[in-house]
Structure formats: structure tokens, C-alpha cells
2 protein chains.
Amino acid sequence: MGRWEPGADSRLREAAMELFLDRGFEQTMVADIAERAGVTARTFFRHFTDKREVLFDGSPDLLERSLAALESAPATTSVLDAVALALDAVAGLIGGDREYSKQRQAVIMANPELQERELIKLAHMSGALAAGLRRRGAEASEAELAAEAGLAVYRVAYAQWVDAAEDGDLRDVIRESMARLRSLTAGATPDQPSTAPDSDTVGTGVLQGVERPS
Amino acid sequence: MGRWEPGADSRLREAAMELFLDRGFEQTMVADIAERAGVTARTFFRHFTDKREVLFDGSPDLLERSLAALESAPATTSVLDAVALALDAVAGLIGGDREYSKQRQAVIMANPELQERELIKLAHMSGALAAGLRRRGAEASEAELAAEAGLAVYRVAYAQWVDAAEDGDLRDVIRESMARLRSLTAGATPDQPSTAPDSDTVGTGVLQGVERPS
DNA sequence: ACCGTCATGTCATCACGTGACATCAGGGGG
DNA sequence: CCCCCTGATGTCACGTGATGACATGACGGT
């Protein structure tokens with residue numbers, strides 16, 4: 001075989017990114033992406049489960065690497081510090097080219113569906129980190145909380161990094177963000193906040209408030 | 001007019017919930033929900049933008065109430081404590097009937113699409129809380145971080161509450177979770193974690209790692 | 001030359017979601 | 001009393017996303 005032909009995956013990914021940047025996500029049809037990549041729409045769905053997934057299929061890599069970082073941490077490392085190491089590994093991977101991150105972020109921010117997908121990827125990451133922490137002997141709810149808090153730090157840091165005027169190291173931003181969290185939680189805890197249990201409304205889902213049907 | 005006829009909204013919501021519990025979300029078609037509610041499919045989409053949204057349309061209420069709680073807090077309250085007050089308000093609303101919350105959670109947990117929707121609702125809430133904090137004079141990134149951390153606490157607490165064997169007050173679980181976060185972040189911070197900047201891989205989106213196309 | 005596998009194309013089919021238009025009920029105001 | 005306005009709904013048509021079933025063609029090994 002002669003030269004290296006980029007796989008259909010890569011061509012589809014690039015084609016999609018170009019079209020998304022050009023006309024936007026909704027205005028781009030999978031047939032367009034496929035055509036530009038030189039395949040049919042049916043083939044697109046053989047490589048990506050979703051039209052959205054074409055923008056997110058790198059996440060398994062990241063997840064794996066962050067877990068590796070987590071597990072290579074010395075056993076004496078605290079839960080939150082272990083999470084910090086994992087985040088550092090993630091930042092090492094995606095902190096490389098900020099320009100591309102900006103482009104991608106622009107596409108994602110312009111479309112709610114994509115934001116949903118992004119959030120669930122981060123949630124998966126949180127779940128995986130929590131599992132990793134439990135494997136290290138952390139108590140369950142402590143592990144979940146540390147993972148969730150870590151991702152909170154990551155989200156804020158990433159948003160700040162990608163929006164910043166001048167370039168910087170994502171890992172530094174993450175560390176600053178983590179420090180800020182520590183200072184935020186360091187304040188004195190007042191007595192129990194007491195809200196009157198006024199519930200004429202029924203909450204059902206996490207964010208569901210439905211009028212009780214008399 | 002004679003008796004009170006429940007609006008199409010309510011009928012659709014109830015019909016949807018019943019069918020979702022019975023056969024699952026994907027197996028339920030919009031036409032089924034509409035039929036059971038006595039309307040056509042087209043009408044369904046006049047009341048809910050999405051098939052998913054029928055499970056989440058209570059969130060604006062919650063958001064509003066939590067913001068109210070936030071703003072009614074004394075100006076001297078710390079950012080994180082203000083967030084705690086907002087979460088307390090939310091818990092007051094949805095903590096009323098745990099059984100229903102369990103059902104809804106079961107439906108949501110069985111379907112990734114629904115989890116995505118849930119996550120984005122929570123993200124909106126986080127954004128709104130951050131904005132509220134900024135209105136109180138908090139610095140931007142501090143506000144975002146506090147809101148994100150608060151939601152992290154909420155997610156963990158809610159999951160724990162809804163899964164618990166015996167009944168309990170959601171607000172208590174949230175307070176415990178918040179306390180746990182404080183203890184987690186209280187540990188000593190070690191020196192900078194240093195990971196070699198080994199990036200032969202290009203990160204592009206928040207969770208995107210794409211092999212660099214040579 | 002034969003065969004199995006893998007990637008892809010082709011065709012058919014569903015379900016989601018939306019725009020355009022028609023219909024019907026109720027409520028005023030002439 | 002009639003007209004008209006408005007809001008909610010039904011009807012129809014259509015584009016798009018996504019999937020299953022089957023055919024085809026390239027490649028590599030035997």
C-alpha cells in the first residue's frame with residue numbers, strides 16, 4: 001500500500017468541524033459531512049453513534065489517561081489531591097493548542113445539544129474518577145464528592161482559560177481554581193440555614209417542580 | 001364553565017410519566033403520550049419543545065425560587081453560604097415526596113438522553129446562581145466556582161437521598177454533603193503536581209483528544 | 001482460485017420535530 | 001344578533017436523524 005490514507009474517522013471529524021464552523025451545527029446535515037469526507041451518510045453512523053459524537057469521540061482517551069494519573073499517585077495522597085493529579089493529566093493533553101480549543105468551544109457554545117453532550121462526558125469522567133478513588137480506598141460519598149468538586153474546578157478553569165485574552169497554561173489556571181475553592185470553603189460555617197418547609201409544590205426530578213394535580 | 005378540567009400540560013405530563021415507567025422512554029412514542037392525553041402529537045410539541053422536556057419543565061420554578069432565596073440572604077453572608085441557602089430552598093421544594101423522585105430518577109437513570117437533559121438543567125441553575133452571586137458583588141470566577149461547587153454538593157446529596165434505604169430530609173443530606181466538602185478541602189495542599197508536558201496528542205474540546213493528523 | 005472478513009454502499013423504514021393552513025370555541029363590541 | 005378576534009387544537013406535508021437488512025467490493029490468507 002502506498003501513502004498513508006487518513007481513516008474515514010479522521011476525515012469525517014475534520015469535515016464536520018469545518019462545516020460546523022462555517023454554517024453552524026444545526027445547519028449542517030450529516031449527508032453534507034459524509035459527502036465532504038467522501039463517504040455516505042450511512043457510513044457516518046457506522047463511525048459515530050451521533051451527529052454530535054463526532055465532536056467528542058476523544059473523551060475515552062482523556063478518561064483513560066486521567067485514571068492512569070490517578071492510580072499512579074502514591075497511596076498517601078489525599079482524595080482531592082489525587083483528583084488534582086488527574087485533572088493535571090487532562091490539562092496536559094488538551095492544553096496544547098488553545099486556538100483549536102477556542103474554535104471547538106465556539107461551536108459547542110452555539111448549540112445546546114452539544115452542551116448537553118459535553119456535560120455528560122464530564123459527568124462520565126466524574127463517575128470514573130469517583131470509582132478510581134473508591135478503588136484507592138476512599139469512602140463512597142467522599143469519592144463522589146471529591147470527583148464532582150474536582151470537575152467543578154475543571155469546568156470553571158477551562159472556561160476561564162479558553163476565554164482569556166492572553167495565552168496561559170491550562171494547568172496553572174486549574175491550580176488557581178483549586179486554590180480558590182479551598183479558600184471559598186475555608187470560611188466559617190454558620191448555623192443551619194433554616195427555610196420554612198413551604199412546599200405546596202411537588203418536586204419530582206432533580207429539577208422538577210410540578211403543580212400537584214389537586 | 002363547570003368542573004376544573006386539568007390542562008393539556010398536566011395530562012400530557014402524567015401520561016408521559018406513566019408510559020415511561022411502563023415501557024421506558026425510548027419505547028414510548030410521542031404519539032402514544034398524546035393519544036393517552038387525548039390530544040394529537042402535534043399538540044404535544046406545542047406544550048413541550050422536546051419529548052424529554054415533558055420530564056423537566058418544572059425547573060424554571062425551582063430556578064426562580066432558589067434565586068429568590070439567594071437574594072433574600074443578608075449581604076454579609078459568604079458566597080458559599082449564600083449558595084447553601086439557595087440549595088436549601090430547592091431541597092424544600094423537591095424534598096417533599098421521595099417516592100415520586102425515585103420513580104423519576106429511575107426513568108432518567110435508564111436513559112442517557114434524559115441524563116443529558118438533567119445535567120444541562122443543573123448547569124443552567126449553576127449559571128443562574130453564579131449570576132446572582134455576582135449581583136451580590138462577588139468576583140466573577142469566585143461566583144462561578146461557588147455555584148459549581150454548590151451544584152456538585154447538590155448532585156451528590158440528591159443521589160444519596162434518592163437511593164437511601166430509609167427516608168430522610170433532603171436538606172439534611174445536603175448539609176452533610178456540604179460539610180464533607182469543607183472537610184475534603186481542608187487538607188494540606190502539597191506542592192504543585194508536576195506532570196511532564198507530554199502532549200503528542202492534541203486536546204481540542206473539553207474532553208477532546210484527537211490524534212494530530214501528522 | 002477460493003473463502004472469510006471488514007468497510008462501505010444501497011434501500012427501506014421509523015420517529016422526532018416543524019411550518020403552513022384549517023377549524024372550532026368563547027368573548028366582546030358593533 | 002352577528003361579526004370578528006383570539007387562542008387552542010387538528011390536519012397535512014416535509015426535512016432530518018437514526019437504524020436494520022442486504023449487497024458489493026477490496027484485501028489477505030490458504
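Not measured: the values here are computed from a predicted model. Every heavy atom of this structure was used, including side-chain atoms; hydrogens, water molecules and symmetry mates were not. The sequence lines fix the lettering, A, B, ..., with proteins before strands; numbering per chain opens at 1.
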Cationic N near anionic O, under 4.0 Å, E142(A) to R180(B) | no
Enclosure of E35(A) CD (heavy-atom neighbours >12, cutoff 6.0 Å) = no
Residues R135(A) and E71(A) bridged, charged N to O under 4.0 Å | yes
Are any of the side-chain heavy atoms of Y100(B) and M17(B) separated by less than 4.5 Å?
-> yes
Compute the angle between the rotation axes at the two ends of the helix from dA1(C)-dT30(D) to dG30(C)-dC1(D), each taken over five pairs, rounded to 10 degrees.
-> 10°
Could you check if a side-chain atom of R136(A) sits within less than 4.5 angstrom of a side-chain atom of L70(A), using non-hydrogen atoms only?
-> yes
Taking the side chain as C-beta and beyond, is there a heavy-atom pair between K121(B) and E53(B) under 4.5 Å?
-> yes
Encode nucleotides 6-19 of chain D as B, S and - characters from 5' to 3', where the letter depends on protein heavy atoms closer than 4.0 Å: B to the base, S only to sugar-phosphate, - to neither.
-> ---BBB----SSBB
Could you tell me which non-hydrogen atom of G168(B) sits nearest to which non-hydrogen atom of W161(B), and how far apart they are?
-> O-NE1, 2.8 Å
